[in-house]
2 protein chains.
Amino acid sequence: MPARKIDEDILMDKLTEVFRLHGYEGASLSLIAEATGLKRASLYHRFPGGKEEMAESVLQRADEWFVSHILAPLTGKGIPSARIKEMARRLNNFYGGGNSSCLLDSLSLGHDGDAIRQHIERSLTAWIGALVLVARDSGLSPAIAKQRAEEALIGIQGALVLARGTGNTKPFARVLQNLPQLLTVEAKKTKPKSKRSKS
Amino acid sequence: MPARKIDEDILMDKLTEVFRLHGYEGASLSLIAEATGLKRASLYHRFPGGKEEMAESVLQRADEWFVSHILAPLTGKGIPSARIKEMARRLNNFYGGGNSSCLLDSLSLGHDGDAIRQHIERSLTAWIGALVLVARDSGLSPAIAKQRAEEALIGIQGALVLARGTGNTKPFARVLQNLPQLLTVEAKKTKPKSKRSKS
DNA sequence: GTCTATAGCTTGATAGAC
DNA sequence: GTCTATCAAGCTATAGAC
């Protein structure tokens, strides 16, 4: 059974990579079969629901892995900035220093698939939620913590988009480096432009 | 000829929307034909190079439109913060308040197409370049201006990703509102973490 | 659990009438 | 300049041998 588990891990890794690189529509069964070394029929034996089930399985697994391996430090002990720094280190590794697209982004285009879209929304919301917790832990108010968490996720996703489009990964590194400050330090006073509300 | 021009503008608008919503692989000729009201053969009469030429034409047109209608205020006169505010206003309109994906992002997945990828890279670089100019105009140093310009683009793209994934467009509005400060105000002193280099 | 073979549909693209 | 009709190739998915 251990061998079987390893095989499945490798399979899922390959599967994930295809979806991440090509998106849902671009991830044809031919590409998937080639990448995994399994023939079409074998893929349908493991995923009776076809391509849609493959994508959902990939999302589900990535979700669990992300929470337990990337976000885990956030809920540990130690000062918040150190926990965030550790998450940033893992994020950098997870996204290949900025060279890998985010699966949630790649799968969020077209193809109507309702389940996938809902899954993506839940994952992003959970991610923000974890960031809010550590930001609150560092003493930020609920409203500010929410804004900063969203800002952090925006920075990560935006930097990945920029890196994919231009090949420049330095902004991604900079975003990661600024995460501890972003999620812990109270904002310096800036002229309050009158109106300002919650997110 | 004016009627012809209007027809072509409408056609290109529809075409752009299909690529923006579905990406390159997801934008099938069936979808395109349905959206534009033209049959496949008619599309090939206008775009002998097929789908690839359609995508490139869409990119080319969006590029020109973006420079002349969105980035134009940046190179005008008036104080930089006012120019940036005007650009932000137009950006908000262009991206439907955050509800519309960025074409450059949608077309940057999979499908090997070399010309398209190069076009996207040029467009993003030009966009950053325009932001650098106005940031420098406001007195920021070259190095800081470059970082801020990248940060601005990251914020916009990241907020669009977040909005597409979660449906929440408020972070996008916040990003736009913060653009004037981001691209004009010198950073408040933050503990210099030792190493720090150019982007 | 993986394979070969194949079904049935959709894809991108072309030929030729009007 | 748009259409109908058609093509070969690709697609997702299934049947059934091993």
Side-chain angles (χ1 to χ4, degrees), chain A residues 1-16 18-19 21-59 61 106-107 109-117, chain B residues 1-59 61 106-107 109-117:
Chain A
M1 204 219 296
R4 176 63 170 71
K5 181 64 166 61
I6 287 177
D7 282 356
E8 180 146 328
D9 268 354
I10 295 177
L11 169 69
M12 291 303 291
D13 281 347
K14 300 289 190 183
L15 198 52
T16 303
V18 177
F19 278 114
L21 288 175
H22 300 89
Y24 186 84
E25 308 283 353
S28 69
L29 289 190
S30 303
L31 277 177
I32 294 173
E34 185 184 13
T36 60
L38 282 181
K39 300 298 181 183
R40 283 170 167 75
S42 305
L43 290 166
Y44 275 92
H45 176 262
R46 302 203 181 213
F47 305 96
K51 197 169 148 180
E52 185 104 9
E53 185 180 340
M54 296 181 207
E56 283 181 43
S57 295
V58 157
L59 272 177
R61 176 169 174 275
S106 296
L107 284 179
L109 264 193
H111 106 86
D112 340 303
D114 209 44
I116 290 179
R117 206 173 289 272
Chain B
M1 203 216 299
R4 176 65 171 70
K5 183 62 167 59
I6 288 177
D7 283 355
E8 180 147 328
D9 269 354
I10 294 177
L11 169 68
M12 292 301 293
D13 282 348
K14 301 288 191 185
L15 198 51
T16 302
E17 197 188 7
V18 176
F19 278 115
R20 193 175 52 73
L21 287 176
H22 299 90
Y24 186 84
E25 308 284 353
S28 69
L29 288 190
S30 303
L31 277 177
I32 294 173
E34 186 185 11
T36 61
L38 283 183
K39 300 297 182 183
R40 281 172 167 74
S42 305
L43 289 167
Y44 276 90
H45 177 261
R46 302 203 182 212
F47 306 97
K51 197 169 148 179
E52 185 104 10
E53 185 180 340
M54 296 180 207
E56 284 181 41
S57 295
V58 158
L59 272 177
R61 177 169 173 275
S106 297
L107 284 179
L109 264 192
H111 107 86
D112 338 304
D114 209 43
I116 290 179
R117 206 172 288 274

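Since this is a predicted model, take the numbers as computed values, not measurements. Note on naming: letters A, B, ... go to the chains in the order of the sequence lines (proteins, then strands), and numbering restarts at 1 for each one.
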Exercise. Using atom CG of A:Leu38 as one end and atom P of D:dA13 as the other, report the distance to the nearest whole Å.
Key: 16 Å
Exercise. Could you tell me whether the phosphate oxygens of C:dC3, OP1 or OP2, come under 4.0 Å of any side-chain nitrogen or oxygen in A:Ser42?
Key: yes
Quiz prompt | CG-CE distance between A:Asp7 and A:Met12, expressed to the nearest 0.5 angstrom | solution = 13.5 Å
Polar pairs (N or O, both sides) under 3.5 Å between protein and nucleotides 13-17 of chain C?
{"residue": "C:dA13", "atom": "OP2", "partner": "B:Tyr44", "partner atom": "OH", "Å": "2.5"}
{"residue": "C:dA13", "atom": "OP2", "partner": "B:Lys51", "partner atom": "N", "Å": "3.1"}
{"residue": "C:dA13", "atom": "O5'", "partner": "B:Tyr44", "partner atom": "OH", "Å": "2.9"}

I'd like a table of donor-acceptor pairs (distance under 3.5 Å, sequence neighbours excluded) in which one partner is a side-chain atom from residues 34-43 of chain B, with atom names and distances.
{"residue": "B:Thr36", "atom": "OG1", "partner": "B:Ile32", "partner atom": "O", "Å": "2.8"}
{"residue": "B:Thr36", "atom": "OG1", "partner": "B:Leu38", "partner atom": "N", "Å": "3.3"}
{"residue": "B:Arg40", "atom": "NH2", "partner": "B:Ser30", "partner atom": "OG", "Å": "2.8"}

Quiz item: Are A:Met54 and A:Arg46 close enough that some pair of their side-chain heavy atoms sits under 4.5 Å apart?
Solution: no
Quiz prompt | Distance in angstrom units between A:Arg46 CZ and C:dC3 C1', rounded | solution = 13 Å
Exercise. Any ring pair (Phe, Tyr, Trp, His ring centres under 6.0 Å) involving residues 16-40 of chain B? Give me the pairs, sequence neighbours left out, ordered by first then second residue.
Key: B:Tyr24-B:His111
Quiz item: Passes side chain to side chain contact (heavy atoms under 4.5 Å, CB included), B:Leu109 versus A:Ser106? Steps please.
Solution: CA-CA 7 Å; B:Leu109 264 192; A:Ser106 296; 3.9 Å; yes
Quiz item: Expressed in angstrom and rounded to an integer, what is the separation of A:Lys39 atom NZ from D:dT12 atom P?
Solution: 15 Å
Quiz prompt | Distance in angstrom units between B:Phe47 CZ and D:dT2 C1', rounded | solution = 14 Å
Quiz item: Which residues, if any, of residues 18-28 of chain B bring a heavy atom under 4.0 Å of DNA chain C?
Solution: B:Ala27, B:Ser28
Practice problem: Mind checking salt bridge (Lys or Arg N to Asp or Glu O under 4.0 Å) for B:Arg117 and listing every partner two or more places apart, or none if nothing turns up? | Solution: none
Quiz item: Can you list every pair that meets salt bridge (charged side-chain N to carboxylate O under 4.0 Å, His left out) and has a residue in residues 13-31 of chain B, with sequence neighbours left out?
Solution: B:Asp13-B:Arg61
Quiz item: To the nearest Å, how far apart are A:Ile32 CD1 and D:dC11 P?
Solution: 10 Å
Self-check item: Separation of B:Leu15 CG from B:Ile10 CD1 (nearest 0.5 Å)
Solution: 13.5 Å
